[in-house]
Structure formats: structure tokens, C-alpha cells
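All remarks here apply to the structure that follows.
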Protein chains: 2
Amino acid sequence: MSALASGLLGSLDPTSDRAVFRQIADQLREAIDKGRFAEGAKLPSESELVEHFSVSRMTVRNALSILQSEGLVSSEHGKGVFVRPRPPVRRLASDRFARRHREQGKSAFIVEADAAGSHPEVDNLEVKEERPTPDISARLGAPRKVLARRRRYLLDGRPVEFAVSYLPLDLARDTPIAQPNPGPGGIYARLEELGHTLDHFEEEIKARMPSPQEVRTLRLAAGVPVFHLIRTAFDTKGRAVEVCDTVMAADAYVLNYQLPAT
Amino acid sequence: MSALASGLLGSLDPTSDRAVFRQIADQLREAIDKGRFAEGAKLPSESELVEHFSVSRMTVRNALSILQSEGLVSSEHGKGVFVRPRPPVRRLASDRFARRHREQGKSAFIVEADAAGSHPEVDNLEVKEERPTPDISARLGAPRKVLARRRRYLLDGRPVEFAVSYLPLDLARDTPIAQPNPGPGGIYARLEELGHTLDHFEEEIKARMPSPQEVRTLRLAAGVPVFHLIRTAFDTKGRAVEVCDTVMAADAYVLNYQLPAT
DNA sequence: CTTGACCACTCGTCTATACGAGTTGGCGTT
DNA sequence: AACGCCAACTCGTATAGACGAGTGGTCAAG
């Protein structure tokens, strides 16, 4: 095994003023980038690296923790440290809320995932009346209470997205929107049936590191950021009729938008 | 000083099976979230935390490194560990490339930043002929060579964005586009003057942790992800006339898009 | 053949110690 | 008053050792 490390890794430069653990991280990173360790492959164990570089174990662990925080590798207790495989990504097209996509019975998430050959699931459904946070309240025109629809999306068993939709309660109470399953076309179809013809959506996107709670909910590996997307739906009267607050595992998504040049 | 820590932090639960360094991180995180440590405030020093929790210094450093990788704090050698202030963010509107914004003389970046009261700079200008990477080549319709325009954007002295525009060389050679300063309205105005009336843009957005190179170029703190945005400009004939590859410090941006509901 | 015990190997957590290097403020000299 | 030096504080790097806990294989007993 130690032969493996020797063949794929070089040695340290004692004259360099770059810290030893950084040099080790650099060498491993380069080896991964150049494909000398394939996706999913196991890196040399900590003790092999200790021997190869003649350093203490903490130094090796320090180096590995850099690569982990970069999202390059992940460690598995009792097994080893592995090059993180790139999960298949879901592309979110900017026309995914176009009216023509609302005709069929299944939700956009299910349809898209099926088309891509993945196994989709929706989870954790909760529909509740709540008092809105100041931010949500401002976006929805300060309703006293809102209907909150929470759900989690999974792809091939992996949670990839957690979303909460907020609607003014006066608009959603005692409608199919307040049901766990709002029916074909989702809540946007129901909103239009209720006379709130949709005009446009606004999406606001941030990226950041996840909170510990989000790490649990999305089972995120170290070094994976999240997209935080807030979408507001406006009807033709200019009223904000829904705000959807979504947190997505960033390594599972590519967002696509189409912008007019006019 | 140790009194400070005692007042704001609790004690450990030895019966918990949660690791000590995680418990310490939890306590500090909670204190920060609740505002007991304000933005920019200094946390208790490592040795103060060592004394307060009666653990070894490595355990404290381990806890702090968690908060660092979450982007909550950053350490400064010789000074201390500080709650990371939220930098002012730049909102990128989806209509920022609309034709009407191209009329005036200054670039979109300069105009927007001035309006927001920040001091904008552009940096690192380089214009070069290159052979395209396979990805860029595919997006531009496989030109043999491309013109690459590299630049870095700074806001109030802080680098926030690094961008490279690629244009098919046959389109850009011997035009103002190949000049370091392409003139009022930027290269999009020049493209339209050359008969390539712009029809629409496509943007593709990923978020990930930065490479060490990107950390240097954007002077990123630990725990800050980047947006990786690839924009393709299409003319009215359906030809891809430019690809812009941009890496942005995610803590400096909120992206905004407007989508039609039709 | 299956089961279970054991063992070797993996990473996870924690301690104790040492020295280096950047920052700050005070104190004495000039 | 201005300067320079030093001491005390900060975090950064590295070592050496210990024990715990998860995993997977071997091997012997059933």
C-alpha cells in the first residue's frame, strides 16, 4: 500500500516556507486533479501518509481537512478517505414554471427527474398556518398570517432540496392549496383557477455554507455549499401571491436562466 | 476578559455523546446567532476558551475551525478570532444587459457601483488570442481560436469577481473588441455595431468552494463559496457570439432574475 | 455452511507540549 | 515629544502519544 503512495506522491520541500500540511494538501490536490486518484478512489490512509512524508499524524489530518473543506474528498469512519464523486446534477431551466408545463398531472420535480432517469421522491410534507417572519411578511405585502407548505425533495434516495412555500392565508384558506396534495399542476394551477392569473416570478439567489440544521436535513458532505433561492410569484394585478424559500445542495444543481437582450 | 467568556458561554455536558469540540462550536455559534457577539466583535481568545471549558488548546482550535469553515468567523494572526461581518452585497438584476443600459458611456459595473455608493475598480485587464478549451469551444460553435478578455472587478478595494469573455476570433479580430478598452457600452454595444444584433443571453449558475487559485485572486476568507456563472450571448441569427465565464465571491452577491409566467 | 469471536486496520477525539510569527502597547531612552 | 525596543498577548505550525469506535476480514466453533 505504501508503494501506492510513493508512486503517486512526491516529497516535501523543506526549504519552502509553505507550511508542511499545505504542501501535503497541495500534492494530494494535484494528484486528484490530474486523475491519479479517480473519483471514488481511496486515498492512502493517514498512517501511510504519515510514513511517506515522515510527519506526525495531526499534520496529515490537517492536510486532509483542507481537502475536505474544499469539497474534494470525504472521509468515512473505519474505511478511509475517498475522492468525492461528482453527483449527477439537475438542471433547472428558467421556463420550468411556464403555464404549458402545468397542464399535466404530475409535479415539475417528478416529471423532470423521471425524464432524467432518476428516482424522485417527495418527503416531509407539512402544511401549517403560521405567523410570517418579517422578511416573508414584507415580500407578501404584510399579511397577518400565512399558509406554509414544507417539503423535501430526494433524487435516488439523496435529499437535494428543502422548500417552504408561503401564501397569504386569506388567499389560501379553505382552498385545495391548503391540502397536502393540491392536485394536478400544483399550487400555481390552483392559484390561477382561483382568479390569480400569474404574471411573472422573481427569483433571488444566494450561495453560502449550510447551517448545521441544513447539513442534517440535506445530509450534506463537508465542503458543499447551498443555494438559497427565494422566488416570489406575482399575479397580473401586481400582487405577490406566493413566496417560495428553497435551500438546495449546490453540488446537485445547475441553474439555467434565459434573459432577453432587449 | 475571562469574565466575558463566562458571562456569554455556558458549560459542557459531559454525559452527552456529542464531541466536546462540537459542543464548544455549538455554544459559540448560538452566541453569535443570538447577537451576544456582534458582527466584527472579537471572540474570547483561544487560551481564554481553554480555561473556560477546561480543555486542551487543540480542542478549542478544532471548534473554531468548524465555525471558520461555516463562514461564521475568521481568524487574524496576532489579533484574535472575529465574527465575520457581512459585506455589502451587490444585487445583479436580470435586466442588467438590456439594450437601454448600454447607451451611456460607462460600464455596467461602474454605473451600478457608483449608484450604490461604493468605489468600483477594474483590474488585471488582459486581452489575448487563445485556443479555446473544449467546453468554451462547444458553446461558441467550435471556432479554431478565440479572443479572451480577462478582468477582475473590485468594490471598495475588495476583489469580488473575476471574469473572462471569449469571442470567436473571426468575429473579434481587428475590431474595437480586441482593444483593452472597447469603448462606451462595452463589447455588447460593439457587437451590435458589427451587425450582430443581440437576441438573448443564457446564464448557467453553479456554486462551489473555491480553488486555492480563486482564494488568492478574490482574497476569499475561509468558508466563502463562489458563484460560477457562464453566460452565452446569442445574436438574432441564433449564433453564440460570446461566452463570459465569471467567478464571484458568493458573499458579495445576490443574483436576481425575473421570469415570465407564460 | 453459518455464526460468532477476534483482530487488524481505518478514522475520530483529546491531551500536553513546544516553538514560531504577527500585533499591540508600554516603558525607557533620546 | 518622538523613537525604538521589549514584553505580553494573539494565532499558526508541528510533535508524540493515548484511547475510542466503525469496518471488514480470518478463522474456529457450531
Side-chain angles (χ1 to χ4, degrees), chain A residues 1-5 11-26 28 37 40-69 72-84 215 221-223, chain B residues 1-5 11-26 28 37 40-69 72-84 215 221-223:
Chain A
M1 270 304 178
S2 187
L4 179 86
S11 54
L12 301 177
D13 174 6
T15 71
S16 163
D17 49 0
R18 188 155 178 82
V20 172
F21 73 92
R22 289 188 203 285
Q23 290 188 49
I24 296 176
D26 291 344
L28 289 168
F37 294 109
K42 184 174 169 304
L43 294 191
S45 76
E46 291 178 355
S47 39
E48 280 165 8
L49 292 171
V50 162
E51 198 183 342
H52 178 82
F53 290 114
S54 303
V55 294
S56 81
R57 184 166 165 234
M58 283 309 294
T59 303
V60 164
R61 283 181 62 78
N62 219 331
L64 290 171
S65 82
I66 292 184
L67 299 183
Q68 246 188 76
S69 70
L72 274 181
V73 306
S74 66
S75 62
E76 295 178 40
H77 193 167
K79 295 205 220 169
V81 180
F82 300 85
V83 179
R84 240 162 50 93
V215 168
Chain B
M1 271 304 181
S2 188
L4 179 86
S11 54
L12 301 177
D13 173 7
T15 71
S16 163
D17 48 1
R18 188 157 179 81
V20 173
F21 74 91
R22 289 187 204 285
Q23 291 188 50
I24 297 176
D26 291 344
L28 290 168
F37 294 109
K42 184 174 169 303
L43 295 191
S45 75
E46 292 178 355
S47 40
E48 280 164 7
L49 292 171
V50 162
E51 197 182 343
H52 179 81
F53 290 113
S54 303
V55 295
S56 82
R57 183 163 166 236
M58 283 309 292
T59 303
V60 165
R61 283 183 61 78
N62 218 332
L64 290 172
S65 83
I66 290 184
L67 299 183
Q68 247 189 76
S69 69
L72 273 182
V73 306
S74 66
S75 61
E76 294 177 41
H77 193 167
K79 296 206 222 169
V81 179
F82 299 86
V83 179
R84 237 160 53 88
V215 169

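Fair warning: this is a prediction, and the values are worked out from it, not measured in the lab. Protein chains get the first letters and strands the later ones, always in sequence-line order, with residue 1 at the start of each.
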Taking any atom closer than 4.0 angstrom to a non-hydrogen atom of chain A, what span of DNA chain D does the protein reach, first nucleotide to last? D:dT13 to D:dG24
For a quick test of reading the model: is some side-chain N or O of A:Ser47 closer than 4.0 Å to OP1 or OP2 of C:dT10? yes
Considering only heavy atoms from C-beta outward, does the side chain of B:Val83 approach that of B:Leu43 to under 4.5 Å? yes
Nearest whole Å is fine: how far is C:dT13 C1' from B:Asp17 CG? 13 Å
Under 4.0 Å protein heavy-atom contact, by nucleotide of nucleotides 14-24 of chain C - B base, S sugar-phosphate only: BBB-B-BBBSS
My understanding is that only residues two or more places apart in sequence, or in another chain, count here; which of them pass side chain to side chain contact (heavy atoms under 4.5 Å, CB included) with B:Ser75? B:Gln68, B:Val81
So how far is it from A:Ile66 CD1 to A:Phe21 CZ, rounded to the nearest 0.5 Å? 4.5 Å
Could you please spell out the steps behind the side-chain contact (heavy atoms from CB on, under 4.5 Å) verdict for A:Val73 and A:Leu28? CA-CA 10 Å; A:Val73 306; A:Leu28 289 168; over 6 Å; no
Within the pair A:Ser75 and C:dG12, is there a side-chain N or O less than 4.0 Å away from OP1 or OP2? yes
Once you round to the nearest 0.5 Å, how far does CD of A:Gln23 lie from OG of A:Ser11? 9.0 Å
Partners of B:Asp26 by side chain to side chain donor-acceptor pair (under 3.5 Å), sequence neighbours excluded? B:Arg18, B:Arg29
Going by the rule salt bridge (Lys or Arg N to Asp or Glu O under 4.0 Å), which residues pair with B:Arg22 if we only count those two or more places apart in sequence or in a different chain? none
Residue set satisfying side chain to side chain donor-acceptor pair (under 3.5 Å) with A:Ser69, at least two apart, ordered chain then number -> none
